[in-house]
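One-based numbering, in listed order, for ligands and for the atoms of each.
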Amino acid sequence: VLPLLSPSPVVDSPASAAHLLWLVRTGRARSRSDLIELSGLSRSSVSTRVEQLLAAGLLHEAGPGRSTGGRPPRLLSFNRDAGRVVGIDLGVTSVDVAVTDLAGSVLAATTDDLDIADGPDRVLARTDELTAQLLRSLGCGKGDVRAIGIGVPGPVEHATGRLVHPPVMPGWHDARVPDHFADYGCAVLVDNDVNVIAVGEQSRSPQLTHFLVVKMGTGIGCGIVLDGHLYRGSAGSAGDIGHIHVDDERTVLCACGNENCLEAVAGGAALAREAAQLGLPVATPRDLIGLTVEGDRQAVALVREAGRRIGEVLAALVNFANPSCIVVTGGLARAGNPLLAGIREAVYRRSLPLAARSLEIRISDRVDDAGRIGAARMAIDGCLDEAHVDALLAASN
Ligand SMILES: [Zn+2]
């Protein structure tokens, strides 16, 4: 059993078995000849590694392919059933859990209400219970799980998977989430919820190599993918745009202690409060979204203005990082067009023509389950990286 892991930025060596496996499992290669061509390795190196991957049960021979003259090539396929993966999206008021195969297809999923302020012991015990139930419903157990991916609504120290002063998770500072899943005996990867969603979006749109995911819920955060890689910064807090200072005629105190953070001015909680002050029947951000969707003029105007405020910050990010796409997600994204219109207005007005020319801004089509699917994708990549695949091969050969 390999030690628990924090999210790993390690890029597999192109000569590794993990890289060959990646070429097959992502559909890039279907035969030994494809692998030779794509990896640049010799026929005998590819053949040795493929035999090892077959013996370890990670690859299958899938029968003969179409002949291009000579002997038809024997096709290879990834054994997506060589294990199970768990994706967990911990929110402030709910938890989503999915069990997937090694290709990321959801086999079973569930959602439950919880209060993140109950602290790590209670919340993670409940999460473990839900996971065990899902596994049982599929006829498997903890031993079938190859990796667990968990997204949390707070900053995670990249090297250890430890939470560091999460503003909306009282009692979680210093919590080591992986320790709570030690009895699974597999890799446990913990990351900020927005980073996890970015991984999910990337796996669904592999052609996207430079993009931002903006999650707007109670708080506001941003996942950054540059050159095909999730960018976490030196400690793991990159993309925490909710606490960028914005100009406002009012002075609004933020939960972090600073004044006029983006989140304090345009986050879901701030908008709900503002709507209630205007006399709208709104107690939660969800109520405000309901009114917006129904077309209430004041609610629409509030959401559109929030979109503009967020767009002003995004315009600076667009000038800085030159993404080709911004994907908007989170609870507020359900407000739809008024939010998108506000964001687009500010971004296109304020960003440089070259940066804005080919920029697409859209609402995610997976607002509801992007978190747990992304967490599962993160877990799959984590348990099929070079170190883990080498360990699996060593154990089976
Ligand atoms: Zn703040």
Side-chain angles (χ1 to χ4, degrees), residues 90-93 115-117 119 151-158 162-175 190-198 212-224 231-277 282 284-286 288-289 302-321 326 328-333 335 339 342-343 346-347 350 371:
L90 265 185
V92 174
T93 58
D115 184 355
I116 201 87
V152 296
V156 177
E157 186 182 63
H158 173 55
R162 188 177 66 101
L163 281 135
V164 184
H165 295 292
V168 298
M169 300 174 76
W172 287 73
H173 172 59
D174 224 14
V190 186
D191 206 338
N192 177 266
D193 53 1
V194 193
N195 285 347
V196 162
I197 292 172
L212 305 176
V213 170
V214 183
K215 183 179 179 188
M216 292 174 215
T218 313
I220 299 173
C222 180
I224 307 164
Y231 179 76
R232 294 187 174 90
S234 64
S237 77
D240 208 347
I241 63 169
H243 301 281
I244 289 179
H245 180 273
V246 294
D247 289 328
D248 200 271
E249 63 268 22
R250 305 157 298 171
T251 299
V252 190
L253 191 66
C254 178
C256 75
N258 289 324
E259 286 171 356
N260 288 19
C261 293
L262 177 64
E263 190 167 301
V265 171
L271 294 185
R273 211 169 40 237
E274 216 172 310
Q277 280 162 5
V282 166
T284 65
R286 192 182 296 251
L288 177 64
I289 300 208
L302 259 183
V303 167
R304 185 164 179 140
E305 180 57 23
R308 287 192 197 100
R309 304 314 303 272
I310 295 163
E312 286 165 18
V313 168
L314 291 178
L317 300 182
V318 165
N319 287 341
F320 178 72
I326 297 177
V328 179
T329 187
L332 276 188
L339 181 72
I343 293 176
V347 170
R350 287 173 174 255

Quiz item: With no hydrogens and no angle check, is any side-chain donor or acceptor of N192 less than 3.5 Å from a backbone partner on G154?
Solution: yes

Quiz item: Do any N or O atoms from the side chain of N260 and from the backbone of R250 form a donor-acceptor pair under 3.5 angstrom?
Solution: yes

Self-check item: Nearest heavy atoms of I116 and G91, plus distance in Å
Solution: CD1-O, 3.4 Å

Quiz item: Does any N or O in the side chain of E263 come within less than 3.5 Å of the main-chain N or O of G219, such that one atom is a donor and the other an acceptor?
Solution: no

Quiz item: Which protein N, O or S atoms lie under 2.8 Å from the Zn ion (ligand 1), given by chain and residue number?
Solution: H243 ND1, C254 SG, C256 SG, C261 SG

Practice problem: Taking all heavy atoms of R309 and all of A266, pick out the closest pair and write down the distance. | Solution: CB-CB, 4.1 Å

Practice problem: Could you pull out the closest heavy-atom pair between P285 and A269, with the gap in Å? | Solution: CG-N, 4.0 Å

